[in-house]
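Within every chain, numbering begins at 1; the chains are lettered A, B, ... in the order of the sequence lines, protein sequences first and strands thereafter.
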Amino acid sequence: MRTSQRLLATLKEDPADAEVASHRLMLRAGLIRQVAAGIYDWLPTGMRVLRKVEAIIREEMNRAGAQEVLLPAVQPAELWRESGRWEEYGPELLRFRDRHRRDFCLGPTHEEVITTLVKNELRSYRQLPANFYQIQTKFRDEIRPRFGVMRGREFIMKDAYSFGINRDALQRDYESMRRAYCAIFDRIGLHYRAVAADSGSIGGDTSHEFHVLAESGEDAIALSANGKYATNLEMAEAPPPETPRPKPSEEMRLAETPGVKTIRALVDGFSMPVEKTIKTLVVAAAPGGEHSLVALLVRGDHELNAVKAEKLAQVASPLRMAKEEEIRAAIGAGPGSLGPVNLPIPFVADHSVAAMADFGAGANIEDKHYFGINWERDLPAPECADLRNIVDGDPSPDGDGALRIVRGIEVGHIFQLGTKYSEALGATVLDEDGKPALMEMGCYGIGVTRVVAAAIEQHHDERGIIWPPAIAPYDVAIVPIGFHRDEKVREAAIAAHDRLRAAGFDALLDDRDERPGVMFADMDLIGIPQRLVIGERGLKRGALEHHLRAGGEMREVAPESVCEAVAKHAGGGGD
RNA sequence: CGGGGUAUGGCGCAGUCCGGCUAGCGCGCCUGCUUUGGGAGCAGGAGGUCGGGAGUUCAAAUCUCCCUACCCCGACCA
């Protein structure tokens, strides 16, 4: 393959609107172009990467026994009404009408379609377990697309759906997919973690997210020292502190704190350590109780975790923060002046709050705070729960050292769905006793286009992309110095190219009439892992120069042994 | 959806406040010559509804109104 016959579309300057490295580099290296917000063209070089990622996913899904299908991107509203999601899904579901004024949507996911297919085609438990997958374009009308294809509206996803006869079968399907996902991300060459995740509204018990670790990731995940405990931030438990509560050393006193409405103001204005302050957050109470509001207490330097709060019996689900008027009506003071002392509504404290002594908090009177508050002296010990997000350095719940918070890009998510969709859509098979049984479903997604962006986030330098060999658009770039004016160079370059291609490598010959610097810069930007430089200088000694994009020494190789040299660093599987 | 911004050849920008004459600059592109081991030099050239519409004015990229698109900050997700 020759550069003169390919659309390289590399850019010398940085595009104005690209913030993160992967977005910038995908534009500059000519992988993508934007068409509209969150909607992109994939150019020839980008396609080669996409196809390589897809090929790995396909191989591993097939190996795990899943069967490939292709489901429609356009889906009739009836299917979604049947599952209840036509109403539930919200504006992220792009809806439209055909010429007969029938409602349709662009599929953001395919549970409805696959469950209907399986319901019609599978009759017997003997046909189970079954797992169907596709690699296909999805559309989600994201509120705010950003970071290029990292969060696009149209994107390519591999989605798989497993069907089993019972919970045990689902467990096995799930485990087999978990292993397949590890194999996929290992092969692609990503540094990633499978983390326990909240299964959210879908209702299953088990869910894991696969995160590529990268500074620019949008998600925070918590890892223990040995990496065994790994959860997304929302899920990470913050157990009660092991050190006992210190003894009181101060008297409680009421202080004038005019205009102090924030923890920061309290810390700055009264030189309070932030660990001795309390945030009092008022939320809607669960219906049926005596009070309509309930307060949640976390330490000043901690954050309330909405998922945890919502799970409390006293708290309304979904979580709703109280409006200022509601707070004033119930307490007589506004946000910023609240605290546990003389609080007329029930409250729950985070474990770390219960371990505090001599702390400060609002007095439930405008512009006044109490300082030197102590539990079991100034007020009874509070009801406790785990309410906060963990912070970096918190002890790991599995006892293995401290938790680290790192950032990740979610590239995969596996779920145990249970019977939610089989029930809604009536998907049953006959069991051993000849009775209809609802199938237990799992669903498994990989953001294929996002994987490409994530790989770049993790593997780049100031000159451009450094592809993991397995997904590089080309294995090796051949850069001749003087292709158009030196016949020996030209012949040697063509010979090396033909030899490599015959051996199954994706070799790209840069036959443009450009100066060497231009060619080096482009090949580096595109991120081709290996480079063969062919010039008069080396040819005199009968040698070609072999460089690795990732760095390291240049080595000279004889023209006859280029394939061996390239094979050592190639990702395997040419086209 | 709320808040903040931007829109001028393919890309990056200046010009807009304070209206004025053939709308500039850098990169890229085309032609020629010279050059050729890390984004060459010289000469010539092509390419623009100044996001769209309406208005004010002798005159609008520039002022006014309306609309649209895109980007950034917040809640969701592969």
Check your understanding: Would you say the side chain of A:His211 lies within less than 4.5 Å of the side chain of A:Ile409, judging by non-hydrogen atoms?
Key -> no
Exercise for review: Determine the contact category for A:Gly152: base if any of its heavy atoms lies under 4.0 Å from a base atom, sugar-phosphate if only primed atoms, P, OP1 or OP2 are that close, otherwise nothing.
Suggested key: base
Study note, to complete from the structure: 5' to 3', nucleotides 37-43 of chain B under a 4.0 Å protein heavy-atom cut-off (B base, S sugar-phosphate only, - none) gives BBBB---
**Study point:** Rounded C1' spacing from B:G47 to B:C27 in Å
**Key:** 14 Å
Review point. With respect to the phosphate group of B:A69, does any side-chain polar atom (N or O) of A:Gln34 fall under 4.0 Å of OP1 or OP2?
Key: no
Check your understanding: Do A:Tyr161 and A:Tyr133 make the cut of ring centroids closer than 6.0 angstrom?
Key -> no
Revision key, fill the gap. Taken to the nearest whole Å, CZ/A:Arg146 to P/B:A78 is 15 Å
Check your understanding: What nucleic acid atoms does A:Glu92 come within less than 4.0 Å of, heavy atoms only: base, sugar-phosphate, or nothing?
Key -> sugar-phosphate
Review point. Should A:Arg151 and A:Glu142 count as an ion pair when the cut-off is N to O under 4.0 Å?
Key: yes
Exercise for review: Output yes when at least one side-chain N/O atom of A:Arg144 is less than 4.0 Å from OP1 or OP2 of B:C73, else no.
Suggested key: yes
Practice item. Return the value, rounded to whole Å, for the distance between atom CD of A:Glu218 and atom P of B:C76. Key: 12 Å
Practice item. Quickly work out the A:His110 NE2 to B:A78 P distance and round it to whole Å. Key: 14 Å
Point to revise | B:C72 base / A:Asp17 side chain donor-acceptor hit below 3.5 Å | key: no
Point to revise | Separation of atom CG in A:Asp14 from atom P in B:C13, rounded to whole Å | key: 10 Å
Check your understanding: Would you call the rings of A:Tyr181 and A:Phe210 parallel, tilted or perpendicular, where under 30° means parallel and over 60° means perpendicular?
Key -> tilted
**Study point:** Non-hydrogen atoms of A:Ala309 and A:Leu387 that approach each other most closely
**Key:** CA-CD2, 4.3 Å
Check your understanding: Given the C1' atoms of B:A78 and B:G39, what is the spacing between them in whole Å?
Key -> 37 Å
Review point. What distance, rounded to whole Å, do you find between the two P atoms, one in B:G20 and one in B:G38?
Key: 47 Å
**Study point:** B:U8 to B:U49 separation - C1' atoms, rounded to the nearest Å
**Key:** 12 Å
Practice item. Provide the distance between the two P atoms, one in B:G51 and one in B:G9, to the nearest whole Å. Key: 8 Å
Exercise for review: Please work out which of the three classes, parallel, tilted or perpendicular, describes the rings of A:His569 and A:His546, given edges at 30° and 60°.
Suggested key: tilted
Point to revise | Integer angstrom distance from the C1' of B:C77 to that of B:G53 | key: 38 Å
Check your understanding: Is the A:Phe415-A:His413 ring centre distance short of 6.0 angstrom?
Key -> yes
Check your understanding: Between B:U6 and B:C50, how far is it from one C1' atom to the other, in whole Å?
Key -> 14 Å
Point to revise | Inter-nucleotide P distance (B:G15, B:A59), Å rounded | key: 26 Å
